[in-house]
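Take a look at the structure below.
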Amino acid sequence: MSINAINTTLLGISSKSNVKVQVSVDEKKTEEKTQTTQTERKQMSADDVFKYMTATRPTAPVQLKKTVNVKAYVNQESASRISASMKDFEAQYSDKLSTVKAEFGNISDELAEKITLKMF
């Protein structure tokens with residue numbers, strides 16, 4: 001015996017249109033209440049948000065109050081090697097900074113320094 005011999009189809013078995021869900025009147029009322037009690041917040045402009053963000057972040061630069069005694073941590077040979085390396089870095093930094101300022105023309109010093117630091 002096959003399924004078609006009994007005259008049944010499988011199309012309507014999982015269909016949601018055949019299943020009727022009854023919702024009580026109380027449930028509808030509570031749903032409407034929750035929708036009406038939600039309040040909208042006032043939209044803020046992007047400038048106000050950015051002003052708030054810049055006002056709340058720490059903007060004071062770090063200040064070293066004491067100098068570091070290099071001789072307490074490394075020997076003379078290492079200290080001279082580090083010193084030569086730093087002088088080389090400072091020379092390269094100033095060359096690249098002047099190149100960035102010449103290339104981009106009229107930009108702020110802060111932006112030129114950021115671009116230069118990205119090169120390293």
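Just so it is clear, the structure is predicted and the values come from calculations on it, not from any experiment. Sequence positions, counted from 1, serve as the residue numbers for this chain.
- Distance check, rounded to the nearest 0.5 Å: OH of Y93 to CD of E113 gives 4.0 Å.
- Under a 4.0 Å N-O distance rule, the pair E77/R81 does not qualify as a salt bridge.
- In terms of hydrophobic clustering, with Ile, Leu, Val, Met, Phe, Trp and Tyr side chains grouped at heavy-atom distances under 4.5 Å, L117 and I107 are assigned to different clusters.
- S98 contributes atom OG, which lies 11.5 Å from atom CD of E103 (distance to the nearest 0.5 angstrom).
- L111 has its side chain out of reach of F104: every pair of non-hydrogen atoms, C-beta onward, lies at least 4.5 Å apart.
- Taking both residues in full, the closest heavy atoms of K96 and T116 are given as CB-CG2, 3.8 Å, listed atom of the first, atom of the second, then distance.
- We find the NZ-OG distance between K114 and S108 to be 8.0 Å, quoted to the nearest 0.5 Å.
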Please walk me through it: do S78 and N75 pass side-chain hydrogen bond (donor to acceptor under 3.5 Å, both in side chains)?
CA-CA 6 Å; S78 296; N75 58 14; 2.9 Å; yes
